Amino acid sequence: MNGKAGRANLPFYLLVPLMKKEGEIVNLQMRLVGENLLARHQTTTYKRVQGKIFALWDRLDSGDPDNRLTTSDFLRKVGNIYAPRE
C-alpha cells in the first residue's frame, strides 16, 4: 500500500479510498485467474527460490524414507534459502 500511495504513514482518510480501490482490483484479479485469463509473472530470482522451496516440499511429503525431510529440517532449509548464513 505504501508503494502505491507514494509514501508511508498515510492518514486514515487517504488510506480508506486506496484500500477500497485495491479490493476492487483483487476481486477482478480473482475472477480472471479463475477463468485462466490472467497469469502471474515472476522474476528469474523468485522462480529459482520458489523452485527450491517446492523441491524441499516434495521431499517433506516424500514416501521414500531415504529422501524424506523432517519438519525441522524442512524449516531450517527454507530459512537458509531466505536468509543464508554467511
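These numbers come from a predicted model, not from an experiment. Worth knowing before you read on, the calculation uses all heavy atoms, side chains too, and leaves out hydrogens, waters and symmetry mates.
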Q. With hydrophobic residues grouped by side-chain heavy-atom distances under 4.5 Å, do Y82 and F74 end up in a single group?
A. yes
Q. Are side-chain heavy atoms of N27 and R31 found at a separation under 4.5 Å?
A. no
Q: Could you grab the distance from atom CG of N80 to atom NZ of K52, nearest 0.5 Å is fine?
A: 10.5 Å
Q | Remaining members of the apolar cluster that contains F12, side-chain heavy atoms under 4.5 Å | A | V16
Q.
Tell me which one of D66, L60, D64, D58 satisfies side chain to side chain contact (heavy atoms under 4.5 Å, CB included) with S62.
A. D64
(Q) Closer than 3.5 angstrom, by distance alone: can the side chain of R68 be matched with the main-chain N or O of R59 as a donor-acceptor pair? (A) no
Q) Which other residues end up in the same hydrophobic cluster as L32, if Ile, Leu, Val, Met, Phe, Trp and Tyr are linked when side-chain heavy atoms come under 4.5 Å apart? A) L28, V33, L37, L38
**Q.** Minimum heavy-atom distance D73-L69, with the two atoms named
**A.** CB-CD2, 4.0 Å
Q. Linking I/L/V/M/F/W/Y whenever their side-chain heavy atoms sit closer than 4.5 Å, directly or via other members, would M30 and M19 fall into one cluster?
A. no
Q: Nearest 0.5 Å please: distance from the CG atom of L15 over to the NZ atom of K20.
A: 14.0 Å
Q. Hey, mind stepping through Q29 and I25 against side chain to side chain contact (heavy atoms under 4.5 Å, CB included) and telling me if it holds?
A. CA-CA 6 Å; Q29 287 176 337; I25 292 170; 3.8 Å; yes
Q: Report the C-alpha separation of L56 and I81 in whole Å, then their side-chain angles, then the decisive distance to 0.1 Å, and conclude whether the side chain to side chain contact (heavy atoms under 4.5 Å, CB included) test is met.
A: CA-CA 11 Å; L56 290 173; I81 290 171; 3.6 Å; yes
